[in-house]
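One structure is given here, and the rest of the page talks about it.
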Amino acid sequence: MLDPKNNPDWKIAREAEKHMKTVTELAAGLGLAPDELEPYGHFMGKIDQARVLRRLANAPNGKYVDITAITPTPLGEGKSTTTIGLLEGLGKRGVRATAAIRQPSAGPTMGMKGSAAGGGLAQCIPLVPYSLNFTGDIHAIGSAHNLAMTALTARMQHERNYDDEKLLRLSGMKRLNIDPTAVSMGWVLDFCAQALRHIIIGIETDGRRNDGFMMRSHVDITVASEVMSILSLCRDLADLRQRMGRIVLALDKSGKPVTTEDLEVAGAMTAWLTEAIKPNLIQTIEGQPVFAHTGPFGNIALGQSSVIADLVGLKLSDMHITESGFAADMGFEKFWNLKCRYSGLAPDAAVVVATVRALKNHGGAPAPAPGRPLPEEYTRSDVGLVEAGLPNLLHHMGLIKKAGIPCVVCINKFYTDAKEEIDAIKKACEQAGAVAAVSEHWEKGGEGALELADAVQDACRTPSVFKPLYAWDLSLRERIDTVAKEVYGADGVDFSPLALEKLAAFQKREDADRLGICMVKTQYSLSDDPTAKGAPKGWRLRVRDALLFAGSGLVCPVAGDISLMPGTGSKPAFRNIDVNTETGEVTGLF
């Protein structure tokens, strides 16, 4: 293997790809029958989950482990890398293990964070097809979502143009009387295109009325689409189809919801997803099987690998590792109180990923910025800064304890970290009653993750009682208040008049006690202020809006100034990506 200290991820991946297993070899080693695999080329494939789950219906589940983290810096703290490194470490120990990660969005891949393939000697391959087009799932999600908006806006135009009810009936439509000021759904695009956050559509030219219905609209990133949440939470195709029909796009002029079923488009939307519902199979650079299914962004979306991938992984392995987006206050909280409720699964342990770099940031060091040299605070030993940032780690460890399961802290060690800094973290974890394992998977692959692999296996042998944070018979406002106080450490919640109005309307729905709370909040702080580091005290959560995702069964309170369409920074990754026209190889991807 190439030395990751001197070689970028794409070069390491290219070298490893010379020796990778074919997808049929990978599937055979996993115990899949030939008719349960659908190859996409030589090295990627889809799994027919319906066949697998029927065949293994009576097989026991393996141990179930979630990977989460402390509040990250803009550089990220290595959850995907840790997920893959742990899988490699378990492989070195001879454990039959699998992992489920979230597939990359083109927004981060072409923006600041790069691909979601991991890094160094703990990454997935084949890197380029996985990162750029993969098996087309995100394209299918975007197509299904935008088809709904196409159906909605076309209906609005036709209802306006067909003033005569007889003509409307002849066209095969019933009048829905959609309120153009109450359209909640927008369009999606899988890039960080901040210029499209607020748009006007249907602009008439030369007085013509056939260019659409003119109104305000918006564009979100595709992985924040409700369709992605539905794909993440559904258990099978029938569940997917039912949820697709419940999506609310707008209100009519009497205030009644207008759904995809009303527009007769839910079936066609589901048709776009018949392949996307199947988990994707790839491998680590050490040859372990990885399912990559559904998308990232635990701050503005569900941000979980899919329920289906976990159901399959638990049947095929003795230990299955799944990944949740961003820190424990965002990703693990949604795993804990949403994903596990919908799946019926209970984890055996959770791993909180921590880095010296992030703890120094929480201790007062300036935030590192992608593409720029690290401030000197990060390049020299400073135990005081690390210790000042420890309250953030301890807060996240406390969330795992509240869930009733064992917590393992993975100290994701960088080769620049000093021993005394690592020792300070281990000491704090031990005093808090948690096991801390140092892992060097980025630099050393599976060999560097043996301590972590052993700690996770030990944790999974510890008796636990997994319990939800709140009862779903509480009102929506009460549940939001519980998350704010118990998870974020807020003193309470301040709701805007708009948020109060929407929550009151959602509470009147017949399915109100079946709607989960999926918070939308900055990932850079426990609070709604991205500059508030550590474990802030004496603050209140500001909820300015609330969104209804009735198909996925979610209410999404929007806190602070966060947007569902991220922006592209001044030093995006696409500036480094090119193609060797002699060989066709893509270079510069990370």
Side-chain angles (χ1 to χ4, degrees), residues 9 67-83 107-109 111-116 118-120 122 192 296-300 303 323-332 351-397 409-418 421-422 424-425 439 441-442 488 521-536 560 562 566-573 590:
D9 290 346
I67 305 294
T68 185
I70 66 172
T71 305
T73 70
L75 301 180
E77 307 321 308
K79 282 192 314 302
S80 297
T81 308
T82 299
T83 301
T109 299
M112 293 195 306
K113 291 191 69 175
S115 175
C192 295
F297 286 113
N299 57 343
I300 59 174
E323 179 190 19
S324 297
F326 290 119
D329 66 311
M330 299 302 297
F332 178 78
V351 176
V352 176
V353 181
T355 62
V356 168
R357 180 175 64 196
L359 290 171
K360 284 183 173 181
N361 181 217
H362 288 293
R372 297 179 185 175
L374 285 172
E376 65 173 345
E377 289 89 341
Y378 298 98
T379 58
R380 56 175 169 80
S381 177
D382 193 328
V383 174
L385 268 181
V386 172
E387 290 177 337
L390 284 171
N392 186 269
L393 170 59
L394 296 173
H395 183 98
H396 289 295
M397 291 164 56
V409 175
C410 170
I411 303 174
N412 183 13
K413 185 178 183 296
F414 298 170
Y415 64 92
T416 54
D417 295 341
E421 295 173 324
I422 298 293
I425 301 171
S439 190
H441 44 269
W442 180 86
Y488 306 154
K521 181 184 76 69
T522 179
Q523 70 272 31
Y524 294 127
S525 173
L526 285 165
S527 75
D528 54 17
D529 175 4
T531 66
K533 301 301 180 182
I562 197 164
T568 298
S570 60
K571 292 189 176 182
F590 69 92

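Note that the numbering runs from 1 along the sequence shown for the chain. Remember, it's a predicted structure, so these values are computed and weren't measured experimentally.
- Taking CG from Leu374 and CZ from Arg380, the interatomic distance works out to 12.5 Å, rounded to the nearest 0.5 Å.
- Side chain to side chain, Thr73 and Asn361 fail the donor-acceptor criterion of an N or O pair below 3.5 Å.
- Summarising the geometry of Gly325 relative to Lys79, their closest heavy-atom pair is C-CE, 3.9 Å, with the distance given to 0.1 Å.
- Using modelled atom types, no side-chain atom of Tyr378 and backbone atom of Pro373 make a donor-acceptor pair closer than 3.5 Å.
- In this structure, Asp417 contributes its side chain and Phe414 its backbone to a donor-acceptor pair below 3.5 Å.
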| said: Does Lys521 form a salt bridge (Lys or Arg N to Asp or Glu O under 4.0 Å) with Asp329? I'd like the steps, not just the answer. | reply: CA-CA 10 Å; Lys521 181 184 76 69; Asp329 66 311; 3.0 Å; yes
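- In this structure, Ala388 has no side-chain contact (heavy atoms from CB on, under 4.5 Å) partners at least two apart in sequence or on a different chain.
- A heavy-atom distance below 4.5 Å is not found between the side chains of Tyr524 and Phe326.
- Within the 4.5 Å cutoff, the side chain of Leu385 has no heavy atoms near those of the Leu359 side chain.
- Side-chain atoms of His441 and Thr82 form a donor-acceptor pair, as typed in the model, at a separation below 3.5 Å.
- For the residue pair Thr355 / Glu77, a side-chain donor-acceptor distance below 3.5 Å is found, with atom types taken as modelled.
- In this structure, His362 contributes its side chain and Thr71 its backbone to a donor-acceptor pair below 3.5 Å.
- A donor-acceptor pair is defined here as one N or O able to donate and one able to accept, closer than 3.5 Å; no such pair exists between the side chain of Thr522 and the backbone of Asp529.
- In this structure, the side chain of Arg357 engages the main chain of Gly76 through a donor-acceptor pair within 3.5 Å.
- Of the possible polar contacts, none joining the Ser80 side chain to the Gly118 backbone as a donor-acceptor pair under 3.5 Å is found.
- Although no hydrogens or angles enter the test, the distance criterion places no donor-acceptor pair under 3.5 Å between the side chain of Thr568 and the main chain of Gly111.
- For Lys360, the salt bridge (charged side-chain N to carboxylate O under 4.0 Å, His left out) partners two or more places apart in sequence, or in a different chain, are Glu421.
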| Taking it one step at a time, do Val353 and Ile70 satisfy side chain to side chain contact (heavy atoms under 4.5 Å, CB included)? | CA-CA 6 Å; Val353 181; Ile70 66 172; over 6 Å; no
